[in-house]
*Asks:* 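Below is one structure. I have some questions about it.
Quantities reported herein were computed from a predicted structural model and do not represent experimental measurements. All residue numbers refer to positions in the sequence shown, counting from 1.
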Amino acid sequence: LYIYNIFPRIYGNTNKWRQCVQRAKYMGFNTIYVNAFYKCGVSNSIYSICDYYSFDSLSFQKGCDPEKEIKKFNHYCKRHGMLTLTDLVINHTAPDSPLIKKHKNWYKFDKKGNPIKAGTPGDDGFVTWVDTAKLYYEKDDKNGLKKYMLDICKYYLSLGFDGFRCDVANLVDPEVWDYIISEVRKIKPDAIFIGESFMCPPETMIRMGKSGFDYIFSSSKWWNYEGDWLLEQYNQTKDYIASISFPDNHDTDRLIKTCNYDYELFLQRIKFTALFSKGFYITDGLEFACENKFMVDTTRAKDLEKTQYNFM
């Protein structure tokens with residue numbers, strides 16, 4: 001997979017998404033990944049989801065039917081030979097999601113009655129995501145949460161997507177992925193699943209491969225070109241699951257800034273990540289050396305950059 005990532009809020013209009021498709025096609029990409037466009041919770045972060053079946057008003061033109069627009073966009077991509085992916089966020093919801101009242105048994109609560117927040121281990125301890133509510137799965141699925149998430153997958157496949165970039169996939173119980181991926185492939189055998197696996201050990205990556213993920217995202221972006229850890233990680237996992245590298249994404253600073261505006265270094269980093277893994281992924285604007293990071297809660301159409309550079 002050679003993936004071009006569209007950040008929908010930077011355009012707010014699916015007609016402008018199509019312009020990205022034309023550009024991506026010209027550059028040789030074969031897959032379009034669109035970040036989450038679900039209805040958000042109070043934080044307005046696209047990864048703090050309030051309703052999986054409603055849509056983010058900032059990602060679509062006013063007055064349109066987002067469902068129809070998504071179908072039209074996916075059809076357009078298919079006509080141009082492009083696969084399409086979108087986000088699948090099943091580790092947590094927004095803390096103000098109606099699901100918390102409707103399905104209390106999908107969550108756990110603190111002594112004050114607030115849903116437990118999600119987060120991830122970090123270098124300095126556990127990092128809490130304050131605008132989330134952690135979802136809790138039961139192995140026998142008596143509470144129906146796994147089935148609910150499977151139905152979400154079926155819904156977005158019915159809108160024309162070919163698969164999913166699975167947000168913080170390594171933080172979700174592997175048995176959940178065993179179920180979802182196997183059930184999805186009963187109806188769409190070629191469905192694509194890419195798992196986010198940031199800061200997890202090789203054994204977790206290997207287990208993700210056994211769950212049926214096609215790819216994980218490589219941590220090659222963070223390699224210092226000196227340590228052994230990246231090559232060791234690669235050798236431990238390569239026989240179990242393929243990886244996709246990227247020079248920057250919506251979670252990182254833009255590459256040109258991390259290279260301190262050294263354009264030769266900028267191009268070297270792109271070439272290295274393109275060569276290192278089986279797949280390659282860039283974020284919209286890399287080809288123009290855009291410098292403003294996409295913020296999952298505050299980026300808007302007004303933030304679309306115009307630069308003097310063109311590396312297409």
*Asks:* Is the count of non-hydrogen atoms from other residues, nucleotides or ligands lying under 6.0 Å from Lys78 atom NZ greater than 12?
*Replies:*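 Counting other residues, nucleotides and ligands, NZ of Lys78 exceeds 12 neighbours.
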*Asks:* Under 6.0 Å between ring centres, would you say that holds for Trp129 and Tyr47?
*Replies:* no
*Asks:* Decide whether Ser45 and Asp297 meet the rule of one side-chain donor and one side-chain acceptor closer than 3.5 Å.
*Replies:* no
*Asks:* Any chance you could measure Cys200, atom SG, to Leu171, atom CG, to the nearest 0.5 Å?
*Replies:*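 Cys200 SG to Leu171 CG: 8.5 Å, rounded to 0.5 Å.
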*Asks:* Looking at OG1 of Thr204 and CG of Asn170, how far apart are the two atoms once the value is rounded to the nearest 0.5 Å?
*Replies:* 7.0 Å
*Asks:* Side chains of Glu203 and Gln236: is there a donor and an acceptor less than 3.5 Å apart?
*Replies:* no
*Asks:* Residues in salt bridge (Lys or Arg N to Asp or Glu O under 4.0 Å) with Glu175, at least two apart?
*Replies:*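 Salt bridge (Lys or Arg N to Asp or Glu O under 4.0 Å) check on Glu175 returns nothing, list empty.
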*Asks:* Rounded to the nearest 0.5 Å, what's the gap from CG on Leu135 to CG on Asn143? Could you check?
*Replies:* 9.5 Å
*Asks:* In Å, rounded to the nearest 0.5 Å, how long is the span from CZ of Phe164 to OH of Tyr33?
*Replies:* 12.5 Å
*Asks:* Parallel under 30°, tilted from 30 to 60°, perpendicular over 60°: which one fits the rings of Phe217 and Phe246?
*Replies:* perpendicular
*Asks:* If you link ILVMFWY side chains whenever their heavy atoms are less than 4.5 Å apart, which other residues fall into the same cluster as Ile206? By chain and number, please.
*Replies:*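 Members besides Ile206, by chain and number: Tyr240.
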*Asks:* Any chance you could lay out the ring pair (Phe, Tyr, Trp, His ring centres under 6.0 Å) test for Phe280 and Tyr2, step after step, and finish with the verdict?
*Replies:* CA-CA 5 Å; Phe280 181 53; Tyr2 299 100; 7.3 Å; no
*Asks:* With the 4.5 Å side-chain cut-off for hydrophobic clustering, are Val42 and Val89 part of the same group?
*Replies:*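 Cluster IDs for Val42 and Val89 differ.
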*Asks:* Any link between Tyr11 and Leu286 through a network of hydrophobic side chains (Ile, Leu, Val, Met, Phe, Trp, Tyr) touching at under 4.5 Å?
*Replies:*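 Yes, same cluster.
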*Asks:* Can you confirm whether Lys154 is buried at NZ, in the sense that more than 12 heavy atoms of other residues, nucleotides or ligands lie under 6.0 Å from that atom?
*Replies:* yes
*Asks:* Any chance the side chains of Asn5 and His250 put a donor and an acceptor closer than 3.5 Å?
*Replies:*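 Checked: Asn5/His250 side chains show no N/O donor-acceptor pair below 3.5 Å.
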*Asks:* Return yes if a side-chain donor-acceptor contact under 3.5 Å exists between Ser245 and Ser220, otherwise no.
*Replies:* yes
*Asks:* Would you find more than 12 non-hydrogen atoms of other residues, nucleotides or ligands less than 6.0 Å from His80 atom NE2?
*Replies:*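 Enclosed: over 12 neighbouring heavy atoms sit under 6.0 Å from NE2 of His80.
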*Asks:* Please check if the number of heavy atoms outside Lys257 that lie under 6.0 Å from its NZ is greater than 12.
*Replies:* no
*Asks:* Parallel, tilted or perpendicular for Tyr309 and Phe311, by the 30°/60° rule?
*Replies:* parallel
*Asks:* With sequence neighbours excluded, what pairs up with Gln22 under the side-chain hydrogen bond (donor to acceptor under 3.5 Å, both in side chains) test?
*Replies:*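 Gln22 satisfies side-chain hydrogen bond (donor to acceptor under 3.5 Å, both in side chains) with Tyr76 once adjacent residues are dropped.
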*Asks:* Take atom NZ of Lys117 as the centre, draw a 6.0 Å sphere, and report whether it contains more than 12 heavy atoms from other residues, nucleotides or ligands.
*Replies:* yes
*Asks:* What orientation do Trp17 and Phe60 show, parallel under 30°, tilted 30 to 60°, or perpendicular over 60°?
*Replies:* tilted
*Asks:* Please round to the nearest 0.5 Å and tell me the distance separating atom CD1 of Ile49 and atom CG of Leu99.
*Replies:* 10.5 Å
*Asks:* Are Ile116 and Val168 connected, step by step, through hydrophobic side chains (Ile, Leu, Val, Met, Phe, Trp, Tyr) whose heavy atoms are closer than 4.5 Å?
*Replies:* no
*Asks:* When hydrophobic residues are tied together by side-chain contacts of less than 4.5 Å, even through go-betweens, does Tyr53 share a cluster with Leu159?
*Replies:*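 Yes, same cluster.
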*Asks:* With hydrophobic residues grouped by side-chain heavy-atom distances under 4.5 Å, do Leu85 and Ile216 end up in a single group?
*Replies:* yes
*Asks:* Is the closest side-chain heavy-atom distance between Met149 and Leu88 below 4.5 Å?
*Replies:* no
*Asks:* Does either side chain, that of Gln268 or that of Tyr263, offer a donor lying less than 3.5 Å from an acceptor on the other one?
*Replies:* no
*Asks:* With side chains defined as the heavy atoms from C-beta onward, is the minimum distance between Phe276 and Leu231 less than 4.5 Å?
*Replies:* yes
*Asks:* Answer yes if the side chains of Ser218 and Ser243 hold a donor-acceptor pair under 3.5 Å, and no otherwise.
*Replies:*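 Checked: Ser218/Ser243 side chains show no N/O donor-acceptor pair below 3.5 Å.
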*Asks:* Is the shortest side-chain heavy-atom distance between Ile194 and Ile192 below 4.5 Å?
*Replies:* yes
*Asks:* On the 0 to 90° scale, with breaks at 30° and 60°, tag the Trp177-Phe193 ring pair as parallel, tilted or perpendicular.
*Replies:* perpendicular
*Asks:* Decide whether Glu287 and Tyr26 meet the rule of one side-chain donor and one side-chain acceptor closer than 3.5 Å.
*Replies:*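 Short answer, no.
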*Asks:* For the residue pair Leu145 and Glu138, establish whether any side-chain heavy-atom pair is separated by less than 4.5 Å.
*Replies:* no
*Asks:* Kindly state whether the ring of Tyr4 and the ring of Tyr281 have centres lying under 6.0 angstrom apart.
*Replies:*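 Not close enough - the centres of the two rings lie 6.0 Å or further apart.
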*Asks:* For Trp106, run the ring-ring contact (aromatic ring centres under 6.0 Å, His included) check against Tyr137, Tyr148, Tyr136 and tell me which one passes.
*Replies:*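 Going through the options one by one, the only one that passes is Tyr148.
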*Asks:* May I ask you to check whether Asp51 and Tyr38 show a side-chain donor-acceptor distance below 3.5 Å?
*Replies:*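 Side chains of Asp51 and Tyr38: no pair found under 3.5 Å.
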*Asks:* Could you give the distance from OH (Tyr234) to CG (Asp239), rounded to the nearest 0.5 Å?
*Replies:*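 Separation between the atoms: 8.5 Å.
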*Asks:* Between Tyr107 and Thr93, do the side chains contain a donor N or O and an acceptor N or O under 3.5 Å apart?
*Replies:* yes
*Asks:* Atom CZ of residue position Phe288 - does it have more than 12 heavy atoms of other residues, nucleotides or ligands inside 6.0 Å?
*Replies:* yes
*Asks:* Are more than 12 heavy atoms, taken from residues, nucleotides or ligands other than Lys188, located less than 6.0 Å from that residue's NZ atom?
*Replies:*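 Yes, enclosed.
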*Asks:* Just checking, is any N or O donor in the side chain of Arg207 or Ser211 under 3.5 Å from an acceptor N or O on the other one?
*Replies:* yes
